Every structure is written in structure tokens, then in C-alpha cells.
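Predicted model, so just to flag it, every value in this text is computed and none were measured. Here, residue 1 is the first one in the sequence, and each next residue gets the next number.
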Amino acid sequence: MDDELRYDRMVESALRGVVREALTQAGETGLPGEHHFYLTFMTNHRGVAIPEYLRQKYPQEMTIVLQHQFFGLEVCEDRFSVSLSFSSKTERLVIPLAAITTFADPSVNFALQFQSAKEDGAEDEVEDGEAAAEDGAETPRAETPRNDAGGNVVQGPTGRGQTESTPAEGGKVVTLDAFRKK
């Protein structure tokens with residue numbers, strides 16, 4: 001029996017609660033002002049439900065943006081679902097909170113990065129790989145949400161890119177590595 005308290009897991013669970021609460025507020029009242037969310041998630045994580053053509057295009061990782069137009073955002077204790085437009089076709093995505101690897105709100109220079117299942121030694125092993133696209137246009141993946149030049153976005157129906165609104169230098173990126181058991 002492991003006799004150590006796993007503070008790293010407690011902190012990660014609490015921070016996923018921040019993501020859940022932000023999504024819940026966005027679903028209930030919309031996003032105020034310039035707020036918008038970048039959510040990167042593992043497409044091959046258990047419980048992720050996305051169209052097969054997106055899973056084939058992004059077999060490991062994908063980033064979506066919730067900003068001007070997203071539809072039917074519903075948040076549960078362990079997952080959320082939302083409808084977005086991909087190449088003028090509306091698709092419903094279901095994403096477990098545990099599949100999220102990055103959450104960012106560039107309007108306030110805030111970001112959270114979570115350990116992937118592979119790094120945490122969990123069952124669903126995933127490797128870093130492809131990210132998302134902006135309405136079908138691919139760009140390389142950024143290491144953190146602060147570097148938009150390499151970021152990838154799946155945009156809602158507005159079709160507007162988000163390159164001009166990424167967090168400026170000095171933004172707060174919280175990583176959990178400091179809390180991890182070595």
C-alpha cells in the first residue's frame with residue numbers, strides 16, 4: 001500500500017475543477033468581454049466522442065477554441081460536450097475533463113497545463129502529436145498555449161482565427177510538474 005499522500009493528483013483534480021467551472025459559467029451565461037478558451041485534448045482518450053474523420057486527421061491531440069460561436073455547451077461532473085463547425089458542418093464533440101491537456105484563456109493571460117496520461121503512468125497512454133486545425137488549415141503544435149505561432153485551432157462557425165489574441169509574455173501558465181512525485 002502506498003503510504004504517501006498524492007498531493008500532485010489532488011492539485012490536478014482541483015485545477016480540473018477550475019476548467020469545469022469556467023466551462024459551466026460559459027455554458028450558462030456565455031463568455032463575457034474578450035474571454036475565449038483554448039482547449040487541447042487527447043483524441044484517443046477513453047470517452048472522447050468526435051467524428052471519425054477528425055479522429056483520423058488528429059489521432060492523438062487536437063485543440064478547439066470556444067469564442068464567438070459555439071452551440072449547446074453542456075458540462076457534467078467528468079466531461080463536457082459542445083457543437084462546433086468544421087468546414088461548414090456542425091459536429092458534436094464529447095470530451096472528458098481527464099482528456100484535457102491544456103486550458104487557456106488568452107484574454108486574461110491564464111493557462112493550465114495538465115500531465116498527459118502517459119506521463120502520469122495512467123492506463124490510456126498517449127504520445128504528443130498532431131493538434132487541431134482552424135477550419136481545416138493545419139499549423140504546427142505549440143509547446144504551450146503562450147506561443148501562438150505554433151498553436152493550432154479548430155474554430156467555431158465564425159471562421160475567425162485567434163492568432164492575435166494569445167497570452168502576452170508574463171502570462172500565468174500553471175504546470176503541475178513541481179507537485180509530481182519523482
Check whether any side-chain heavy atom of [X] lies under 4.5 Å from a side-chain heavy atom of [Y], and answer yes or no.
| X | Y | result |
| --- | --- | --- |
| Glu91 | Tyr53 | yes |
| Leu97 | Asp78 | no |
| Ile50 | Tyr58 | no |
| Leu5 | Met10 | yes |
| Val82 | Leu23 | no |
| Ser81 | Arg92 | yes |

If I take atom [atom1] from residue [X] and atom [atom2] from residue [Y], how far apart are they, to the nearest 0.5 angstrom?
| X | Y | atom1 | atom2 | answer |
| --- | --- | --- | --- | --- |
| Leu66 | His35 | CG | NE2 | 14.0 Å |
| Phe41 | Thr102 | CZ | OG1 | 12.0 Å |
| Ile64 | Tyr38 | CD1 | OH | 12.5 Å |
| Ser83 | Glu74 | OG | CD | 8.5 Å |
| Thr101 | Leu112 | OG1 | CG | 11.5 Å |
| Thr40 | Met62 | OG1 | CE | 10.0 Å |

For salt bridge (Lys or Arg N to Asp or Glu O under 4.0 Å), just list the numbers for Arg6 and Glu12, CA-CA rounded to whole Å, side-chain angles, deciding distance to a tenth of an Å, and then say yes or no.
-> CA-CA 10 Å; Arg6 292 298 309 263; Glu12 184 151 330; over 6 Å; no
Taking Thr29 for the side chain and Gln25 for the main chain, is one N or O donor matched with an acceptor at less than 3.5 Å?
-> yes
Spell out, as yes or no, whether a donor-acceptor pair under 3.5 Å connects the side chain of Thr43 to the backbone of Gln60.
-> yes
Distance-minimising heavy-atom pair for [X] and [Y]:
| X | Y | answer |
| --- | --- | --- |
| Leu73 | Gly27 | CD2-N, 3.6 Å |
| Leu31 | Ala26 | CD2-CB, 3.6 Å |
| Pro96 | Val48 | CD-CG2, 3.6 Å |

For the pair Phe103 and Phe37, name the ring-plane relationship: parallel under 30°, tilted 30 to 60°, perpendicular over 60°.
-> tilted
Only residue of Thr24, Val94, Ile100 satisfying side-chain contact (heavy atoms from CB on, under 4.5 Å) with Phe80 is Ile100
Would you say Arg55 has more than 12 foreign heavy atoms packed within less than 6.0 Å of its CZ?
-> yes
Passes side-chain contact (heavy atoms from CB on, under 4.5 Å), His36 versus His68? Steps please.
-> CA-CA 8 Å; His36 56 287; His68 296 295; over 6 Å; no
For side-chain contact (heavy atoms from CB on, under 4.5 Å), just list the numbers for Leu54 and Leu93, CA-CA rounded to whole Å, side-chain angles, deciding distance to a tenth of an Å, and then say yes or no.
-> CA-CA 10 Å; Leu54 289 176; Leu93 310 178; 4.3 Å; yes
